[in-house]
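Owing to the predicted nature of the structure, the values given are computational and were not obtained by experimental measurement. In what follows, every chain begins at residue 1, and chains take the letters A, B, ... in the order their sequences are listed.
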Amino acid sequence: MHQYIKEIATHEGQQATLKGWVANIRESKTNIFIVLRDGTGFMQCVIGLDDVGEAQFEAAKRLSLESSLALTGNVIKDERQMGGYELQATALEVYSYSKDYPIKVNENEHGVRHLADRRHLWLRSKRQWAVMRVRNQIIMGIHEFFQNKGFVQMDAPIFTGNACEGTTTLFATDFFGEEAFLSQSGQLYGEAMAMAQGLIYTFGPTFRAEKSDTPRHLAEFWMIEPEMAFYDNEMNMDLIEGFIKHVINRVIEKCPVELEALERDVEKLKGVNQSFPRVPYTDAVKILRGEQDVNGRNAIAVQEADLAAAKQGIEDNLKDIAERETAIKAGMKKGARKFNEAKIAALRKEIAYMEEQVRNIPKWIESAKNFKGGEDFGGSDETVLTRVFDAPVMVYNWPTKIKAFYMKEVEGDPDHVKGVDLLAPEGYGEIVGGSERETDIDILLRKIKEHELPMSEFEWYLDLRRFGSVPHAGFGLGLERIVRWCCGLDHLRETIPFPRRYGRLLP
RNA sequence: GCCUCCAUAGCUCAGCUGGUUAGAGCGCCGGACUGUUAAUCCGUAGGUCCUAGGUUCAAGUCCUAGUGGGGGCGCCA
């Protein structure tokens, strides 16, 4: 029987055995300090020559990053340590020595390709450990929210015969000689189940064959799609808001250690506790173009300020670097020199990032200023728009022509449909897309034709309107996108254990 | 598919307007140190400067093409 780091506080002053891997190691003549990780957490363990004897101390000296071992010793309270405790070992048993582990303690010292090629090992590093724990709590929060409200979880099929939003984005497979596609949405099946159960949600993998090589796209991702009978779009938006609040607050409550490891600004996440602004599409267009201010903030002005700040920042950093370099050349103590060299490297990284901004922001401003009403927002438009808000924003009543066939038209305004997109703050973009569904079979028939979809594939779906059609609504949430936002990550590739995206099938 | 930036040691990078034997930090290996927090200190090893052409007295540095990668856009959750 051994103990886990997460519960080590209950063993204060007692003997405990921990089993895990070496996450970091430092040694002096008579003490070896190991940061042990066991999956539940990280904890410093001290191996003293006098405590374990010469033979075991020699064995411990051969340990290096990611060696595996069991350590037995006394649990001592020590406020200086992360977690507040330390293990003073009296015995150790090495399971396996590890040599030349290819990932450094600080993963930021690697390029993204080096890490992606070693994803199976990268998952062990502290940041990735934290991300996967946050992901786990988000998943728990999703189930908790819906189950508490009486929703029934359903599994939609992965093999599908119908292409509900066009075939170019579908992965085709051979299904006993017939062409079948990997599912890109469980929604239509969800609608069928909602007519049986009332309130349901699907939670499963989704596949998109888009060659989208961006930070917000994966070829395989997980989607949550609730569907509610007798809901209109207002109720849909209420549900979305309550749902996001619940999930984010759960992570804040359950994952303080993880969010700290990720250096996530929790105050920004707490912005979800404000009520979410609800903006009709036509107003969102005005805000985007800079024709309408929000809370005294102008979308275009915010971008221009960002651009100016980036330009100024580059100049400041260059000046700072030059000053430090001349100071180093003039001569300084080794410690001070190293500090300054590290600082210069950091300043250069900042410059590289700001240079990207200087290249990109003018394009974003152009795109926003010249945005044509009636079109869909692009990635940069979403960023520009959300920067004027502190909370997630819901944009609703979208142009009919850019949305899917099943969305219900706004009464007396056939050019707009009752769709809603939730845009996350801080530039994380769209994380939820939903709508009230069309209930009128004649309108659906017309739209399926207009979208040039194969009518035969939708016969079963039309039955839902033939037999007891009711108002209903639903939405889809991309799991990885909310993980990304929650963890404050640059890219979706870190939000899922083994990402499948354009150009990446291994490991 | 388009735009843009980049490719130098195991890793992350520096190498200014071309100019003798190509540098640093980390890692590895050896040594020092009674408690370290990305430990520190001393030392050793480690490089066909992505590939193929070209310009030049001289190319890591300039030009052309190719290959590979980062970022942005499109498509979307």
task: Between B:C33, B:U36, B:C73, spot the one nearest the side chain of A:Lys29, thanks.
output: B:C33
query: Does A:Arg216 have a side-chain nitrogen or oxygen under 4.0 Å from the phosphate oxygens OP1 or OP2 of B:C73?
result: yes
message: Categorize A:Ser380 for me: base, sugar-phosphate, or nothing, with a 4.0 angstrom heavy-atom threshold over every strand shown.
response: sugar-phosphate
query: Do A:Asp155 and A:Thr202 get their side chains close enough for a donor-acceptor pair, meaning under 3.5 Å?
result: no
message: Between A:Phe145 and A:Phe151, is the ring centroid distance below 6.0 Å?
response: no
message: If I pick the C1' atom on B:U55 and the same atom on B:U64, what distance separates them, to the nearest angstrom?
response: 11 Å
task: Establish whether the base of B:G35 is bridged to the side chain of A:Glu86 by a donor-acceptor pair shorter than 3.5 Å.
output: yes
message: Please pick, from B:C11, B:C73, B:U36, the nucleotide with the shortest atom-to-atom distance to any side-chain atom of A:Phe33.
response: B:U36
Rounded distance in Å between the C1' positions of B:U20 and B:G35: 49 Å
message: Students often get this wrong, so: under 4.0 angstrom with heavy atoms, is A:Pro102 touching a base, only sugar-phosphate, or nothing?
response: nothing
Heavy-atom pair with the smallest gap, counting every atom of A:Ala284 and A:Val279: N-CG1, 3.6 Å
- prompt: What does A:Asp490 touch in the nucleic acid at a heavy-atom separation under 4.0 angstrom: a base, only the sugar-phosphate, or nothing?
  reply: nothing
- request: Counting heavy atoms from C-beta on, name the nucleotide in B:C11, B:G74, B:C76 closest to the side chain of A:Asp376.
  value: B:C76
task: Could you work out the separation of B:C57 and B:U48 based on their C1' atoms and round it to a whole Å?
output: 24 Å
message: Quick check on B:G69: is either OP1 or OP2 less than 4.0 Å from any side-chain nitrogen or oxygen of A:Arg113?
response: yes
Between C1' of B:C13 and NE2 of A:His110, the distance in whole Å: 13 Å
message: Side chain of A:His491 only, heavy atoms from C-beta on: which candidate in B:G71, B:A38, B:U34 is closest?
response: B:G71
task: From the options B:C11, B:G35, B:G71, select the nucleotide whose nearest atom is closest to the side chain of A:Gln81.
output: B:G35
task: When you get a sec, tell me which of B:G70, B:C26, B:C33 is the closest nucleotide to the side chain of A:Ser28?
output: B:C33
query: Picking from B:G35, B:G70, B:C76, which would you name as closest to the side chain of A:His217?
result: B:C76
- prompt: Does a donor on one side chain sit under 3.5 Å from an acceptor on the other, for A:Glu366 and A:Asn370?
  reply: yes
query: How about A:Glu225 and A:Gln187: does a side-chain donor come under 3.5 Å of a side-chain acceptor?
result: no
message: So for A:Glu27 and B:U36, does any side-chain atom that can act as donor or acceptor lie under 3.5 Å from a complementary atom in the base?
response: no
message: Which nucleotide wins on minimum distance to the side chain of A:Arg26, given the candidates B:U36, B:U34, B:G74?
response: B:U36
message: Nearest to the side chain of A:Lys99, heavy atoms from C-beta on, is which of B:C75, B:C29, B:G35?
response: B:C29
query: Can you find a donor-acceptor pair, distance only, under 3.5 Å between A:Lys104 side chain and B:C11 base?
result: yes
message: Return whichever of A:Lys403 or A:Gln88 has its heavy-atom-nearest nucleotide of RNA chain B closer to the 5' end.
response: A:Gln88
- request: Side chain of A:Arg493 only, please: which of B:G70, B:G69, B:C76 is the nearest?
  value: B:G70
